[in-house]
Amino acid sequence: MQRLARTVLVSLGLLLALPSVAHADGLGSIPYGDNCWGSGADADRDGLNDDCEYQLAYWFMPKLWFDSGESGFGRRPYYAVKSLSFSTRTVQIFYLDTFFDDTGVTTGHDGDPEFQIFELHYSGGRWYLDWAYLSAHRKSSCDSSAWYSYNQLEYDTSDTRNGYRGWPTLYVAEDKHATYNNLSTCDSGCFLQDYCSRTTVQFLDTTDRLVSRNVGSTTVQLINQVVFNGKTERVLDDAAFKGWDDQWYRANSQGYGRHLTEFGF
């Protein structure tokens, strides 16, 4: 009897000691691996399959947390993808946030070209996020942009399809749209002027997320001039970025061209 009780207790202890069910690292839902290179349609002539580019941009698109005081949620995101190395199966995704406007009280302007660059690689049937560059007022007087390693990022584990080194969770500075890897980094950004909170989430998890939003590259432009709500916007060069508002009493921001060029897209 004592032996049986001891066996039950040991078994119970082993059960309690078992770790909780963990999500697999990376993303295994993308139907491309080695065949992302050198197969299928390749409209921007960069060696990557067009649908693979879409699948990568779709699945790794980040979840964004906005502050409770945010007043400029509107955006129309686009993306570009390029190969870094076939030998290491490494690519980069450039996410153009294309916010309609920056609603900062004293420095607000039409069009807000913040962005993120994700570097990822394919191995053993899964894609893994390695690095993320998060723009935060890039090229301004309080530039807080930075590269972050995968282990400095948070991940959306509320979705069973995602795991560590899958799509990340980012934090958006109130009204200014700079993106950060966590709340404390945000609160120290732009000379302590940025503020974030985990209040309102925006995750474009819809059937048409990023469909027909591949801009190609600055060399092979699949999309540049965009007409939306009756207004025209250019996203791949340094023409004034109006964010589809272009209000006469507010300045326009500079476009995405300089950022895309400097990062080799």
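Here the structure is a predicted model, which is why all the values come from computation and not from measurement.
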Between [X] and [Y], is any side-chain donor less than 3.5 angstrom from a side-chain acceptor?
| X | Y | answer |
| --- | --- | --- |
| S85 | T90 | no |
| E53 | N214 | yes |
| D187 | S184 | no |
| S197 | D67 | yes |
| Y133 | R138 | yes |
| Q254 | D238 | no |
| S39 | N35 | no |
| D51 | Y32 | yes |

Requested in this report: Decide salt bridge (Lys or Arg N to Asp or Glu O under 4.0 Å) for D101 and R250; before the verdict, give the C-alpha distance in whole Å, the side-chain angles of both, and the deciding distance to 0.1 Å.
Outcome: CA-CA 10 Å; D101 56 357; R250 299 180 71 182; 3.5 Å; yes
Query - Option from Y79, F115, Y78, F118 for which ring pair (Phe, Tyr, Trp, His ring centres under 6.0 Å) with Y95 holds - result: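 That would be F118.
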Donor-acceptor pair, [X] side chain versus [Y] backbone, under 3.5 Å?
| X | Y | answer |
| --- | --- | --- |
| T179 | Y171 | no |
| Q193 | C190 | yes |
| H109 | G111 | yes |
| N162 | W167 | yes |

Please examine the side chains of [Y] and [X], heavy atoms only from C-beta on, and report whether any two atoms are closer than 4.5 Å.
| X | Y | answer |
| --- | --- | --- |
| I117 | I93 | no |
| T199 | F66 | no |
| S149 | W131 | yes |
| L56 | V91 | yes |
| L27 | L129 | no |
| Y180 | C196 | yes |

Query raised in the report: Crowded around Q225 CD? As in, over 12 foreign heavy atoms under 6.0 Å?
Result: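 Incorrect, the count does not exceed 12.
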Shared hydrophobic cluster, [X] / [Y] (ILVMFWY, side-chain heavy atoms < 4.5 Å):
| X | Y | answer |
| --- | --- | --- |
| L170 | Y58 | yes |
| Y148 | V172 | yes |
| F263 | L260 | yes |
| L153 | M61 | yes |
| I30 | L48 | yes |

Angle class for the [X]/[Y] ring planes (parallel below 30°, perpendicular above 60°, tilted otherwise)?
| X | Y | result |
| --- | --- | --- |
| W244 | F241 | perpendicular |
| H177 | F99 | parallel |
| F94 | F265 | perpendicular |

Between [X] and [Y], is there a side-chain N and carboxylate O pair less than 4.0 Å apart?
| X | Y | answer |
| --- | --- | --- |
| E114 | R75 | no |
| D130 | R165 | yes |
| R234 | D237 | yes |
| D156 | K63 | yes |
| K176 | D102 | yes |

Query raised in the report: Going through the distances and angles, do Y164 and Y155 end up as a ring pair (Phe, Tyr, Trp, His ring centres under 6.0 Å)?
Result: CA-CA 6 Å; Y164 187 63; Y155 297 91; 5.3 Å; yes
Query - Shortest non-hydrogen separation from A80 to V215 and the atoms involved - result: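 Heavy atoms of A80 and V215 come nearest at CB-CG2, 3.8 Å.
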Query raised in the report: Minimum heavy-atom separation for P77 to L210, with atom names?
Result: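 Of all heavy-atom pairs spanning P77 and L210, the closest is O-CD2, 3.8 Å.
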Query - Nearest-0.5 Å distance that lies between atom CG in D46 and atom CH2 in W37 - result: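 Nearest 0.5 Å value for the CG-CH2 distance: 10.5 Å.
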**Report entry** CD1-OG distance between I223 and S212, expressed to the nearest 0.5 angstrom
**Finding:**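 Going from the CD1 atom of I223 to the OG atom of S212 covers 7.0 Å.
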Query - NZ or CZ of R89 within 45° of F86 ring axis and under 6.0 Å - result: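 Yes, R89 and F86 form such a contact.
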Requested in this report: For this output row, return yes or no: ring centroids of W127 and Y122 closer than 6.0 angstrom.
Outcome: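 They qualify: ring centres under 6.0 Å apart.
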